[in-house]
**Q** 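Before I ask anything, here is the structure I am working with.
Chain A is the first sequence line, chain B the second, and so forth, proteins listed ahead of strands; every chain is numbered from 1.
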6 protein chains.
Amino acid sequence: MAGLPQRGIVVTDHPRADDTVRDGLGGYGVATVHEAQGRTGLMAAGITPAWRGAHISGTAVTVSVAPCDNWMIHVAVEQCRPGDVLVVAPTSPSDAGYFGDLLATSLTARGVRGLVIDAGVRDVADLRTMGFPAWSAVVSAEGTVKETLGSVNVPIVCGGRVVEPGDVIVADDDGVVVVRRAEAAGVLAASEAREEKEARLRERYAAGELGLDVNAMRERLRRAALRYVPYDTYRKERQA
Amino acid sequence: MAGLPQRGIVVTDHPRADDTVRDGLGGYGVATVHEAQGRTGLMAAGITPAWRGAHISGTAVTVSVAPCDNWMIHVAVEQCRPGDVLVVAPTSPSDAGYFGDLLATSLTARGVRGLVIDAGVRDVADLRTMGFPAWSAVVSAEGTVKETLGSVNVPIVCGGRVVEPGDVIVADDDGVVVVRRAEAAGVLAASEAREEKEARLRERYAAGELGLDVNAMRERLRRAALRYVPYDTYRKERQA
Amino acid sequence: MAGLPQRGIVVTDHPRADDTVRDGLGGYGVATVHEAQGRTGLMAAGITPAWRGAHISGTAVTVSVAPCDNWMIHVAVEQCRPGDVLVVAPTSPSDAGYFGDLLATSLTARGVRGLVIDAGVRDVADLRTMGFPAWSAVVSAEGTVKETLGSVNVPIVCGGRVVEPGDVIVADDDGVVVVRRAEAAGVLAASEAREEKEARLRERYAAGELGLDVNAMRERLRRAALRYVPYDTYRKERQA
Amino acid sequence: MAGLPQRGIVVTDHPRADDTVRDGLGGYGVATVHEAQGRTGLMAAGITPAWRGAHISGTAVTVSVAPCDNWMIHVAVEQCRPGDVLVVAPTSPSDAGYFGDLLATSLTARGVRGLVIDAGVRDVADLRTMGFPAWSAVVSAEGTVKETLGSVNVPIVCGGRVVEPGDVIVADDDGVVVVRRAEAAGVLAASEAREEKEARLRERYAAGELGLDVNAMRERLRRAALRYVPYDTYRKERQA
Amino acid sequence: MAGLPQRGIVVTDHPRADDTVRDGLGGYGVATVHEAQGRTGLMAAGITPAWRGAHISGTAVTVSVAPCDNWMIHVAVEQCRPGDVLVVAPTSPSDAGYFGDLLATSLTARGVRGLVIDAGVRDVADLRTMGFPAWSAVVSAEGTVKETLGSVNVPIVCGGRVVEPGDVIVADDDGVVVVRRAEAAGVLAASEAREEKEARLRERYAAGELGLDVNAMRERLRRAALRYVPYDTYRKERQA
Amino acid sequence: MAGLPQRGIVVTDHPRADDTVRDGLGGYGVATVHEAQGRTGLMAAGITPAWRGAHISGTAVTVSVAPCDNWMIHVAVEQCRPGDVLVVAPTSPSDAGYFGDLLATSLTARGVRGLVIDAGVRDVADLRTMGFPAWSAVVSAEGTVKETLGSVNVPIVCGGRVVEPGDVIVADDDGVVVVRRAEAAGVLAASEAREEKEARLRERYAAGELGLDVNAMRERLRRAALRYVPYDTYRKERQA
């Protein structure tokens, strides 16, 4: 019927963010990139690493799957190129384990850098051994079926954020952030600037300087009427 | 900086779904509309009614707010017309109460039919007394500030679904579903067709007919090798 | 293969708890029945009423369904008799809406008294209007498919408790409790005894008597060294 | 051993907030009182009404109970006076049902106005019928034992907030707020002032005035560089 | 009273699954075993390892404990033999820490391979150092009492699954799966078969073959009308 | 206004628990200290380590921050001395990331031993690399603002427990426990006594002795009517 939403589409040959920009963003943490793009694009805190210590960037290949059905992930593998990250969301919430060591092996062979999924993964001990990074909503050994079509490389919502194919994904132990393809170069520049500034701050903090001085906060605190009270005075006030 | 995401925009005079279509969709439940559009667009089950018994449809005015900040809701009120529904999402998760009886009074005066928010509401006893419907992620009396700009009538993600200004929102005790503006007429027709079919089914079920017969399931179950076993036989098998 | 678990079984003509016992248990609240059977059989607090105010008892017809699949509920309806309660659990966790007003119509026509499901229901406004009671883990308009066999009238786990076909289910606003068929008469007697005792307590409490006296707790508290301290003394001790 | 924390204390004859102040605060909603005292004292949103529609104020009698043990609630009843509210917290988290219709009967006989508990209640249908208000973390029919001492009228943490005996508790459908005894008169005055201001705002909003004008926000928004963009312009910008 | 459920029973000398089968199953991951037995027996995803990297199989000794009471775990230790796994569930939900390094020392001395508990454990740093594996619903330092009887080696529900004494437990970083004693040999054979098949698949995937070809999915996708659309075409369709 | 709660206070020069006592408590695990002080002071199980393996004790510097605002943490750094632990709680729940590697650098420079926060932290990979321990309610890269005053070194509620400045904090992989300053010496002595007793128990358990004998439980179990039933007898009873 005309005017109804479509399923069962695989969009091919989508543009990707520039390789240098993509890799450059991987040099910065999720918190830095998130700040650098004006505090947007951060996925929900519930999307956590299946194992600790990975830090990747890559261009998104998106997969919309039916609940409890991972058929389209197999379809999506063919659309992946080196430097991509697979981003998967079911059309309704489901905690099954859509992805395990076999699919990780297949993606590794294609040069894919990791997986982000708003659902479950399994074989996490194998993923860690293989060094294949994955961020997921849950760990679950529960399998899925291969019965219903979804779509590949259409816009999806994952972890509460829209992901378009070709967007840059940056992920580390803090979580996952999405950078729009068209904004990636700007966000990279802003990340570099931010990191440089933070490196200088880090040095001063390490040397014992206070944030109050380094950030010139004292005058503003004074105007906001912050009051310093010795403990004994405070205690007497409370008992009065 | 060029290439960075924008905030602080109010988009005016956006197109809305047709009035007749919008009101027609309000004649069907969320479950029916969700089915009619191919099981898409349903917000997360965590978005629940602040009070039970409301059932509305309306065209979305969208609001992207900073966390713990409801300034832009005031800005959005001016953009509302009769028949609209206000849809609000913070740029990062926050359970404060962004909306209460004063804003409900203001929206009622403008003919707005309800609120959907991926955060908290307060004054829920007043909302129920006023008959102003609201669906939210939480009830919280915690207030918000008015310090940071957001945007009005840009695409947002609410309850895990993208909402564009002008889309149709249908909400009842089951939750909230979003219908794309361009697909609304088609979804209405499909909802009508589905409801007619269900009305006939309901009649037959009420008369005592079984779903097995009404839906001609017996042959398919037989092919799937469903086995009927008397209790005594089953019990002996288990103890063997 | 021998030695593997079976699916796709419908057990027919299972024994049910005695009608009089079943109906007698419905005269007591979930809390009373739970206490009367030695604090066992209470389902997890997450299984809550879809609407408030219902209070039922019935004999269980059990349904084990595949995740996101409600095919076997249709199969189960045929096995139901007046006085039954349908108890449904998916083989792995899933929050879809497996049950709505059509199935409720069909069950009502067969004299079934309600539904308990460790997953989602939808059309809850209709269920309330029809007066069909349902207890569920979630409310969700998300539909299910009809692709995979499960089983009817095998033992299942629902809300963390084993339910056998023919067991008595008692459910009210506090939740759901399961009473083993073989123990139902004993639990009914214990419930009656408990309720009589509570009625006498209630009268004495309403007349202003204290639980300390009615339950003769004072001596035991004294032996446990409970200490009464006037506020001023306590305050001085704290400041010392 | 000296220097170890104490249990098993009942503090008697603690001072309570003034009756007129206590009752006056009950004339304002939780959101208003919370705002009036500078956004402090609001209990966590997880403490919700067992039934909707109650609105109370009262002076706190506090009870610290051992997990899964309601013995001290019986002890606390004796310390209650008309106008009090019982506030209960277990020393470690537990979702059992510590309180039901019998204790509600006893408290009603003593003029107690309601219960707030950071744990479970049961018999909620009876509580609604009796009109006894209760706010709790969960509804659970699971019973508790009477084995371990706790304390009455010592400071406790309930819903993330410290409650001292004699503090004022205000509770409605939005949740629960605690007002320090020493601050109650000031908070009442501030609530009155706030409500008067809101009444004027409500009138203007109902008449169709906008928050933008009523609160003189336009100039501040302009300075913050809020930008109004017609839909067609915005759409072209996005596609560029 | 006759007909009431029993507590306070220790069942001795229960049969256990065959040693070779038990140990054989430990050679396969939870996901493999779960698939091999037809996707049944997987505990809820909330039961997670106290530390990462353990992988065990063992025969269940079951313990039903009263909430907040670990007395019966001490009783159960005596019933354990080398190769067993202790499986514990409270009769009502409770997050206290029922188990720590002392009990782990005692179980280690008896050759027990690990613990599965639908409640809390503590001393997790010590458990990791000792190499004693544990899967639990939570980590909590909160202690328990020793006041109320439970039972040992009766059927229990743990993580939503029935566990009978003598069943095989397999647990790894993905979670925990239960294999019925009578089905264990069949499940072992099926696991071996599945793993062999997966090993061949893994090799082909590693060599760059696609799941689409290896699993002959292309024809079925074509019949399901999957459509490949170049990005530019798709983009134009969306803007139309 | 008189009688309203105060914000914007920094209490200086508060007394701290004795250095030797503070460091002595760090020699015991959270579970031991919690038991030693009569099972009080344990923070909610939701406060978990950002990385595993840290074990610290320190004296509390407390910070009350506005939601989504970390301004006061900068103020608090200046009040810290070597041996302190920073304890932070927002005045209403918020999961933003209030603390990252820059603040950790600054605290390290001042000799602070770690952070406990009832909200989010970020840069957790850096914190692990730096060896800076942190316990938090969530990990989130979401930033905070610096707009609203809070207070430093006033009593706060963190993880459901009151923390006063100068109290001792002990934290390890099990969680966090608070020891009152005035009780710290007594709790240290009790911890030593408990640990000595446990060391003896551990030795006996390791040698194969049973808790039933070591703790002389058999007689008490017999009086409680614990019944030992051989499996075959039990099975026949169940089938009868």
Side-chain angles (χ1 to χ4, degrees), chain E residues 6-15 50-52 70-80 95-97 100-110 120-130 137-155 165-166, chain F residues 29-36 38-49 52-55 170-177 197-215 217-218 220-221 223-235 237-238:
Chain E
Q6 299 184 320
R7 251 194 255 192
I9 296 174
V10 181
V11 178
T12 59
D13 299 308
H14 66 282
W51 49 273
R52 291 290 190 94
N70 75 346
W71 203 11
M72 293 312 282
I73 298 183
H74 286 275
V75 173
V77 173
E78 190 177 30
Q79 306 304 318
C80 290
D95 284 353
D101 78 302
L102 285 179
L103 280 164
T105 302
S106 188
L107 287 178
T108 299
R110 294 189 79 79
V121 293
R122 54 184 186 174
D123 302 326
V124 295
D126 293 327
L127 298 185
R128 191 175 51 229
T129 305
M130 297 170 61
V138 73
V139 170
S140 168
E142 180 69 34
T144 50
V145 297
K146 288 167 185 62
E147 296 289 344
T148 307
L149 290 190
S151 290
V152 174
N153 283 329
V154 300
Chain F
V30 166
T32 298
V33 173
H34 172 59
E35 290 286 346
R39 298 194 171 171
T40 60
L42 186 68
M43 287 193 187
I47 308 289
T48 58
R52 291 290 189 95
H55 183 173
V170 181
D172 64 15
D173 284 358
D174 283 359
V176 183
V177 66
K197 186 183 142 206
E198 293 209 339
R200 284 192 300 272
L201 283 175
R202 201 173 290 115
E203 219 165 280
R204 294 177 68 179
Y205 286 162
E209 283 191 77
L210 290 170
L212 291 179
D213 300 312
V214 166
N215 303 304
M217 290 170 168
R218 291 192 194 273
R220 212 177 136 226
L221 287 165
R223 281 201 314 268
L226 183 68
R227 199 160 63 95
Y228 287 80
V229 187
Y231 178 77
D232 289 335
T233 312
Y234 175 70
R235 204 184 169 205
E237 282 179 15
R238 272 177 92 196

**Q** With side chain to side chain contact (heavy atoms under 4.5 Å, CB included) as the test, would you mind laying out the steps for E/R52 and F/R52 before giving the verdict?
**A** CA-CA 11 Å; E/R52 291 290 190 94; F/R52 291 290 189 95; over 6 Å; no
**Q** Pick out which of E/I9, E/V10, E/V11 makes a side chain to side chain contact (heavy atoms under 4.5 Å, CB included) with F/Y228.
**A**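 Testing each of E/I9, E/V10, E/V11 against F/Y228, the sole residue satisfying side chain to side chain contact (heavy atoms under 4.5 Å, CB included) is E/V10.
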**Q** For the residue pair E/L102 and F/Y205, establish whether any side-chain heavy-atom pair is separated by less than 4.5 Å.
**A**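 Touching, per the 4.5 Å side-chain cut-off.
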**Q** Please check if the number of heavy atoms outside F/E209 that lie under 6.0 Å from its CD is greater than 12.
**A**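 Above 12, so yes.
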**Q** Do the side chains of E/V145 and F/R39 get nearer than 4.5 Å, heavy atoms only?
**A**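 Yes. Closest side-chain heavy atoms under 4.5 Å.
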**Q** Using a 4.5 angstrom heavy-atom cutoff, name the option from F/R220, F/H34, F/E35 with the most pairs to chain E.
**A**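 Result: the option with the highest number of such pairs is F/R220.
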**Q** Do F/D172 and E/V124 have side-chain heavy atoms sitting under 4.5 Å apart?
**A**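 No, too far: nothing below the 4.5 Å cut-off.
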**Q** With E/R122, which of F/D173, F/D174, F/T32, F/V30 fulfils side chain to side chain contact (heavy atoms under 4.5 Å, CB included)?
**A**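 In the set F/D173, F/D174, F/T32, F/V30, the residue that makes a side chain to side chain contact (heavy atoms under 4.5 Å, CB included) with E/R122 is F/D174.
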**Q** Given a strict heavy-atom distance threshold of 4.5 Å, which part of E/V121 is in contact with chain F: side chain, backbone, both, or neither?
**A**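 Looking at E/V121, nothing touches chain F.
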**Q** Decide yes or no for E/W71 and F/M217: does some side-chain heavy atom of the first lie under 4.5 Å from some side-chain heavy atom of the second?
**A**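 They are in contact (side-chain heavy atoms under 4.5 Å apart), so the answer is yes.
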**Q** Specify which of F/G29, F/A224, F/A207, F/G208 makes the most heavy-atom pairs with chain E at under 4.5 Å.
**A**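 Result: the option with the highest number of such pairs is F/A224.
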**Q** For chain F, which of E/A50, E/A125, E/G143, E/G100 has the most heavy-atom pairs under 4.5 Å?
**A**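 Max contact count across the listed options: E/G143.
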**Q** Please rank F/G175, F/G211, F/A45, F/P230 by heavy-atom pairs under 4.5 Å with chain E and give me the top one.
**A**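 Top count of heavy-atom pairs under 4.5 Å with chain E: F/P230.
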**Q** Counting only heavy atoms closer than 4.5 Å, note whether E/D13 contacts chain F via side chain, backbone, both or neither.
**A**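 Contact with chain F involves the backbone of E/D13 alone.
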